[in-house]
Amino acid sequence: MLRAFVYLVLGWVLIAVVGGLADVLSLTIMLPATSAVIITHAAFSAGTTVHFGLAVAIALGYLEDLHQGAPIGTLALAHGVGFLVLRWASGRFAITGFVMRAAAGLLAALLIDGLTLLVLLVLSDPLGVPREALWGATRVLHWHALATLLVAPPLWSGIDRLLAALRLDDRPPQQAYWTGK
Amino acid sequence: MAVSLRSIRNGALIVVLLGIPVLLLRSSTQDPHRMSAFDRAVRRIGAPLEAAVSYSAGMLGAFFERWVLQARLQDTNERLAGENRELRQRLRELVHLQEENQQLRRALQMREKVPEDMIPAERVGVDQSPFFRVVNIRVDRGSEYARPGMAVLSPDGVVGRIDKAFDDYSDVMLITDPRSKIAVELARTKAQGILEGRTEDSCTLEVSKDYDVEVGELVQTSGVDELFPKGHPVGQVVEIEPLVGDQQRLHVVPSVRFDRIDVVWVVLANAPRPDPRSEPGGAVVQARGLQPVQ
């Protein structure tokens with residue numbers, strides 16, 4: 001429960017940080033999907049149950065909806081489904097090392113962007129969103145994914161260290177979290 | 001394959017959790033004019049949360065903005081400080097030039113007013129006598145032009161006279177020098193006397209008690225000594241000291257600040273006397289003398 005709360009608070013802070021930095025540095029496209037990294041971490045963490053992880057993912061998606069001005073529920077649903085996919089993947093793959101974390105961040109961002117696009121395409125008529133505009137947005141998704149790729153390894157290590165500091169980690173204490181091993 | 005109750009419960013919980021965003025999406029697709037109570041509740045809950053998210057992003061944005069801008073401001077500050085130093089230096093030079101310009105203008109105006117034959121000279125040094133506590137100035141005119149005894153004037157008044165003339169420069173004995181004696185008169189009462197130097201910034205003048213002298217009265221050259229042109233300001237009476245007998249001693253402060261002199265005029269020759277045969281009221285022709293230094 002506390003672990004889920006930490007994910008949620010951290011996700012909120014990171015949404016605000018990215019939004020603030022984007023405003024200061026005038027960035028509009030190449031912004032990392034920090035929530036995608038957090039739910040990937042939660043999905044691949046044995047200490048997080050599916051229910052709490054899903055709740056965290058939906059809550060973070062809801063915050064992203066509010067922050068990005070998307071139709072409420074779009075990103076919440078995409079994050080929720082994305083978490084389930086990532087959770088399924090965690091039973092088949094293991095993420096170790098900086099490269100794997102970066103790749104996981106990239107794929108998670110692409111997954112959530114794809115799910116979001118899917119939701120919006122399905123609901124484009126009732127939401128009043130032109131489909132041409134949605135297809136046009138796909139041309140800049142790689143920048144979003146690339147930014148997430150760059151941010152994922154340090155953010156992942158930061159989450160590990162934070163959870164270790166709060167004694168919420170699910171790894172043996174002798175393992176050094178910041179080494180990425 | 002038997003499905004456990006735990007699996008059914010987990011699946012139901014996942015469906016319920018995923019149902020939340022679906023309901024939220026359904027609410028988003030509703031017409032704002034025909035919203036149900038649930039949709040209105042969703043909007044009502046979302047509004048403060050949206051405000052909180054925006055506020056937190058804005059607050060952190062302001063923090064980063066300050067952090068990033070601080071570095072930029074530091075660079076700007078250093079650049080502006082450099083420009084400021086440069087501009088201050090230029091301002092000092094301009095003020096100096098302005099003062100010099102004003103003095104030169106006054107010197108030129110004086111040249112127009114005084115009919116005597118004069119030559120401009122620039123102060124090039126200051127001597128301080130250890131015996132008389134008097135400052136003597138040195139001008140850039142040597143014996144080619146200047147002769148001992150020649151009067152030295154400035155736009156503010158009488159400076160003194162040439163004491164020694166060398167090849168390239170001359171020493172000026174100021175009117176405050178104890179050796180200095182010049183013929184003066186009071187501007188108002190026309191009481192005449194000899195002004196003698198006393199100290200670094202003071203002279204004295206003895207006149208008859210018959211004259212009603214007031215403090216602040218202007219003292220000017222009388223021209224009797226045929227050395228200084230008549231009517232040129234010398235100083236101001238600051239103190240009246242009665243003496244035994246029928247004399248009174250007037251303490252006079254020179255009108256010239258000797259420490260601020262830059263350009264002076266050396267009187268080479270007195271103006272020619274007016275021609276008694278000329279018609280009265282005719283045009284006054286001034287002595288031309290030498291031209292001012294360019």
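All heavy atoms count here, side chains included; hydrogens, waters and symmetry mates do not. Residue numbering restarts at 1 for every chain, and letters A, B, ... go by the order of the sequence lines.
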A.B. asks: Side-chain contact, heavy-atom cut-off 4.5 Å: Leu13(B) with Leu54(A)?
C.D. replies: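 Of all side-chain heavy-atom pairs linking Leu54(A) with Leu13(B), none is under 4.5 Å.
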A.B. asks: Enumerate by number any residue of residues 72-79 of chain A whose heavy atoms lie under 4.5 Å from heavy atoms of chain B; in the absence of such residues, state 'none'.
C.D. replies: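 So the qualifying residues are Ile72(A), Gly73(A), Thr74(A), Ala76(A), Leu77(A).
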A.B. asks: Is the number of heavy atoms from other residues, nucleotides or ligands under 6.0 Å of Gln70(B) CD greater than 12?
C.D. replies: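 Atom CD in Gln70(B) is not crowded, with 12 or fewer foreign heavy atoms closer than 6.0 Å.
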A.B. asks: May I ask you to check whether over 12 heavy atoms, not counting those of Arg88(B), lie within 6.0 Å of atom CZ?
C.D. replies: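 Incorrect, the count does not exceed 12.
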A.B. asks: Please flag which part of Val81(A) lies under 4.5 Å from any non-hydrogen atom of chain B: side chain, backbone, both or neither.
C.D. replies: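 Both parts, backbone and side chain.
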A.B. asks: Looking at Glu93(B), I'd like to know if its CD atom is crowded, meaning that more than 12 non-hydrogen atoms belonging to other residues, nucleotides or ligands lie closer than 6.0 Å.
C.D. replies: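 Atom CD in Glu93(B) is crowded, with more than 12 foreign heavy atoms closer than 6.0 Å.
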A.B. asks: For Phe166(B), I'd like to know if atom CZ has over 12 heavy atoms of other residues, nucleotides or ligands within 6.0 Å.
C.D. replies: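 Counting neighbours around CZ of Phe166(B), more than 12 heavy atoms of other residues, nucleotides or ligands fall under 6.0 Å, so yes.
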A.B. asks: Identify which part of Val50(A) has an atom lying under 4.5 Å from any heavy atom of chain B, answering side chain, backbone, both or neither.
C.D. replies: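 Side chain only.
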A.B. asks: Tell me which of these, Gly61(A), Gly80(A), Ala16(A), Pro126(A), has more heavy-atom pairs under 4.5 Å with chain B than the rest.
C.D. replies: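 With the most close heavy-atom pairs to chain B, the winner is Ala16(A).
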A.B. asks: Looking at Leu17(B) and His51(A), what are the two nearest heavy atoms and their distance?
C.D. replies: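 In terms of heavy atoms, the two residues are closest at CD1-O, 3.6 Å.
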